[in-house]
Engineer: 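Have a look at this one.
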Amino acid sequence: QSFEMEDPKTYDFDAAIEFPPNNASPTVLTDRIKDLDPEFNGIVYDWNSYVDRSRNYPQPDYRLIRSVCPAWDNTARRKKGGAIFLNNTPEEYATWLGNAITRTLADAPTLDERIIFCNAWNEWAEGAHLEPDTRFGYAWLETTRNALDPRATPKHVTLIGHDAHPHGAQFLLLNLARAYRQAGLTVKIVLLDGGPLIDDYAKVAQLVQLPDPIRQRDEALRMLRGLRNEHAEVAIANTTVSGSVVPLLQEAGYSPVALIHEMRSVYAQMDLGRQMRDLADAGVPTIFPASIVNTQFEEALGRGLRQSMIRPQGMYLNPAPRDAADRAALRAEFGIAGDAPLLLGVGYVDRRKGVDLFLRALAEMRAAGLPAEAIWIGHADRDEMPRVQALAEKLGVAQHVRFPGRRDDPARFYAAADMFLLTSREDPYPSVVLEAMAAELPVVMFAGATGSEDLARQGLALTVPAEDASAMGRAAA
């Protein structure tokens with residue numbers, strides 16, 4: 001039906017096919033366009049007229065196969081005498097296509113008549129195409145696919161991690177994979193190195209070991225291209241250490257996003273200058289959990305980022321109820337009196353996490369006459385733990401602090417504690433603070449050391465001067 005709307009039986013046909021943008025009387029916008037070229041003698045229409053029409057399709061007396069059109073602008077062919085349709089977007093196209101599908105399912109008596117046409121696949125001279133372009137990328141194709149199979153919205157996500165050691169960023173990656181899988185996505189985890197969390201990752205995702213993106217760039221790119229060809233359009237690069245993978249993801253055809261968790265000391269300690277530059281040059285959306293993390297990254301880089309945003313990562317541990325019996329059971333398990341104030345620390349036992357400061361704060365409280373006890377959960381650096389134990393003996397608190405290591409039931413410890421101390425010398429935005437708050441624990445932290453200080457500024461936690469364990473002990477008391 002390019003230019004007429006006759007009953008197809010007139011020509012001994014069983015059905016007719018719509019041919020948008022023809023035969024629909026769209027709204028004319030020509031007179032409303034400001035600064036229109038005075039030599040333009042064509043017509044400007046409102047593309048959304050077709051979307052509106054699809055909400056209540058006219059129903060002819062004959063079989064009519066519906067058609068859609070993502071856009072139309074034939075000035076490439078007809079120059080200043082062309083027809084231009086404005087206001088088209090993939091979102092509104094999705095509405096039109098969805099309405100066409102609904103009408104077709106209602107009208108088609110048999111499966112083989114459930115057909116919809118699209119004008120056009122690649123009519124570039126008419127500005128009508130589903131093929132990727134520089135404005136919307138793959139959006140027209142993805143919208144079409146999603147409308148035809150709503151269960152496939154979306155299908156795949158690829159997560160990039162630098163290793164599988166049990167630290168905060170790696171646990172975040174694991175829980176991102178779990179969340180995406182629960183949402184129905186197929187998840188791939190691409191790692192630069194291994195670690196103890198490998199088995200946990202393998203339970204929720206397909207694991208891939210990537211060659212070093214700097215020293216083995218060509219091999220890494222070939223592997224990423226192969227993964228991309230399996231329809232994994234979206235990739236999330238987790239941590240600065242994975243920064244050199246980002247430009248390879250772009251070259252392989254992904255739309256990557258970067259998550260940055262590190263702070264100043266880590267950039268120098270791990271010599272991440274190359275990874276930071278590669279990430280910044282890629283110009284992809286880069287997400288920081290707090291403004292201090294963003295600021296320190298750009299200071300270390302020596303320039304600003306083109307696309308940066310602040311998005312705290314949220315919480316993935318469900319808090320346990322503060323049940324009196326469970327509280328008593330855990331305290332009994334560790335030989336802690338039911339009425340003793342119990343301090344909790346959580347994280348990797350190393351200098352950056354400030355376990356020594358945790359012990360000094362505990363000693364300060366006990367010296368003030370408060371019979372405080374303490375538990376720190378988390379695995380330990382093998383060199384740091386002997387120093388921590390020696391310091392506990394020196395401070396006289398060795399009998400009042402417990403180190404049960406990494407636990408699979410951390411919610412029990414939050415529920416049994418009375419106070420959470422974030423003693424980190426540097427910590428981007430630790431999930432443990434959110435977990436403590438969800439468990440209704442008061443939180444004390446060091447000022448200028450963590451993005452979690454944003455919560456303290458809202459009155460949700462206390463801060464004390466950086467690395468002042470005595471001040472932390474007094475605040476906790």
Side-chain angles (χ1 to χ4, degrees), residues 159-163 165-176 235-246 256-316 346-348 350-354 357 420-437 443-458 460-461 463-467:
L159 305 178
I160 314 297
H162 64 278
D163 64 36
H165 289 290
H167 302 304
Q170 291 87 333
F171 279 118
L172 175 61
L173 188 76
L174 173 61
N175 284 281
L176 282 173
I236 300 174
N238 190 47
T239 76
T240 308
V241 188
S242 304
S244 291
V245 182
V246 173
V257 174
L259 307 182
I260 303 299
H261 311 285
E262 298 86 352
M263 294 181 73
R264 183 180 293 116
S265 70
V266 176
Y267 301 137
Q269 176 187 341
M270 299 186 67
D271 190 22
L272 297 179
R274 168 68 182 273
Q275 290 87 340
M276 297 172 75
R277 291 190 298 273
D278 287 344
L279 173 58
D281 291 343
V284 302
T286 305
I287 300 174
F288 298 87
S291 56
I292 188 175
V293 186
N294 189 352
T295 299
Q296 290 193 6
F297 182 96
E298 292 182 342
E299 287 176 350
L301 178 66
R303 55 188 163 106
L305 294 173
R306 278 179 270 172
Q307 297 189 69
S308 64
M309 58 195 76
I310 309 299
R311 296 289 188 276
Q313 71 264 21
M315 187 180 70
Y316 41 78
V346 181
Y348 185 51
D350 67 356
R351 186 178 185 281
R352 188 174 68 88
K353 290 291 185 181
L357 302 173
F420 184 85
L421 302 185
L422 182 68
T423 53
S424 301
R425 291 178 167 86
E426 187 181 80
D427 220 332
Y429 199 93
S431 297
V432 293
V433 171
L434 301 177
E435 293 166 2
M437 290 180 172
V443 176
V444 184
M445 64 185 70
F446 291 128
T450 174
S452 298
E453 191 176 356
D454 292 348
L455 299 171
R457 295 189 186 100
Q458 300 176 45
L460 301 176
T463 61
V464 297
E467 299 189 38

Engineer: If we only count heavy atoms from C-beta on, is the Thr286 to Phe297 side-chain gap below 4.5 Å?
Structural biologist: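 No, side chains not in contact.
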
Engineer: With sequence neighbours excluded, tell me which residues meet side chain to side chain contact (heavy atoms under 4.5 Å, CB included) with Arg306.
Structural biologist: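 Testing Arg306 for side chain to side chain contact (heavy atoms under 4.5 Å, CB included), a comparison that skips the adjacent residues, returns none.
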
Engineer: Tell me, do Val241 and Glu262 make a side-chain contact under 4.5 Å, heavy atoms counted?
Structural biologist: yes

Engineer: Do Leu174 and Tyr316 come close enough that some side-chain heavy atom pair is under 4.5 Å?
Structural biologist: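 Side-chain contact under 4.5 Å: no.
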
Engineer: Given the side-chain rings of Phe288 and Tyr429, with only the six-membered ring counted for Trp, is the space between their centroids under 6.0 Å?
Structural biologist: no

Engineer: Can you name the residues that form a side chain to side chain contact (heavy atoms under 4.5 Å, CB included) with Met309, not counting sequence neighbours?
Structural biologist: Pro285, Ile287, Arg311

Engineer: For Lys353, does its backbone N or O pair with a side-chain atom of Thr423 as donor and acceptor, under 3.5 Å?
Structural biologist: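 Here the side-chain-to-backbone pair exists.
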
Engineer: Would the distance check show the side chain of Arg425 and the main-chain N or O of Arg351 forming a donor-acceptor pair, the cut-off being under 3.5 Å?
Structural biologist: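 The answer is yes, because a donor-acceptor pair under 3.5 Å joins these two groups.
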
Engineer: What pair of heavy atoms forms the shortest contact from Asp454 to Ala290, and how long is it?
Structural biologist: OD2-CB, 3.7 Å

Engineer: Under a 4.5 Å cut-off applied to non-hydrogen side-chain atoms, are Leu455 and Leu434 in contact?
Structural biologist: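 They are in side-chain contact.
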
Engineer: For Thr240 and Ile260, indicate whether the former's side chain and the latter's backbone hold a donor-acceptor pair under 3.5 Å.
Structural biologist: no

Engineer: In plain terms, say whether Arg303 and Asp281 are close enough for a salt bridge, that is, a side-chain N and a carboxylate O under 4.0 Å apart.
Structural biologist: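 Salt bridge between Arg303 and Asp281, a charged N being under 4.0 Å from a carboxylate O: yes.
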
Engineer: Provide the closest heavy-atom pair for Arg352 versus Ser265 in the form atom of the first, atom of the second, distance.
Structural biologist: CD-OG, 4.4 Å

Engineer: Using a 4.5 Å cut-off on heavy atoms from C-beta on, say whether the side chain of Asn238 contacts that of Leu159.
Structural biologist: no

Engineer: Any non-hydrogen side-chain atom of Ser431 less than 4.5 Å from a side-chain atom of Met315?
Structural biologist: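 When only atoms from C-beta onward are counted, Met315 and Ser431 do not touch, as no gap falls below 4.5 Å.
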
Engineer: Which value, rounded to the nearest 0.5 Å, describes the distance between Gln296 atom CD and Tyr267 atom OH?
Structural biologist: 7.0 Å

Engineer: Over all heavy atoms of both residues, which pair between Asn294 and Ser308 is shortest? Give the atoms and the distance, please.
Structural biologist: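 That would be ND2-OG, 3.5 Å.
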
Engineer: Determine whether Thr239 and Ile160 make a side-chain contact, defined as any pair of heavy atoms from C-beta on separated by less than 4.5 Å.
Structural biologist: no

Engineer: If every non-hydrogen atom of Pro430 is compared with every non-hydrogen atom of Thr450, which pair is closest and at what distance?
Structural biologist: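 Shortest heavy-atom contact: CD-OG1, 3.5 Å.
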
Engineer: Do Glu453 and Thr463 meet the criterion of a side-chain donor-acceptor pair at a distance under 3.5 Å?
Structural biologist: no

Engineer: Measure from the side-chain N and O atoms of Gln313 to the backbone N and O of Leu172, and report whether any donor-acceptor pair falls under 3.5 Å.
Structural biologist: no

Engineer: Write down the atom of Ser424, the atom of Phe446, and the distance for their closest heavy-atom approach.
Structural biologist: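 Where Ser424 meets Phe446 most closely, the heavy atoms are O-CD1, 3.7 Å.
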
Engineer: Looking only at heavy atoms, which two atoms of Ser242 and Gly161 are closest? And how far apart?
Structural biologist: OG-C, 3.7 Å

Engineer: Contact between Val266 and His261 at the side-chain level, heavy atoms closer than 4.5 Å - yes or no?
Structural biologist: no

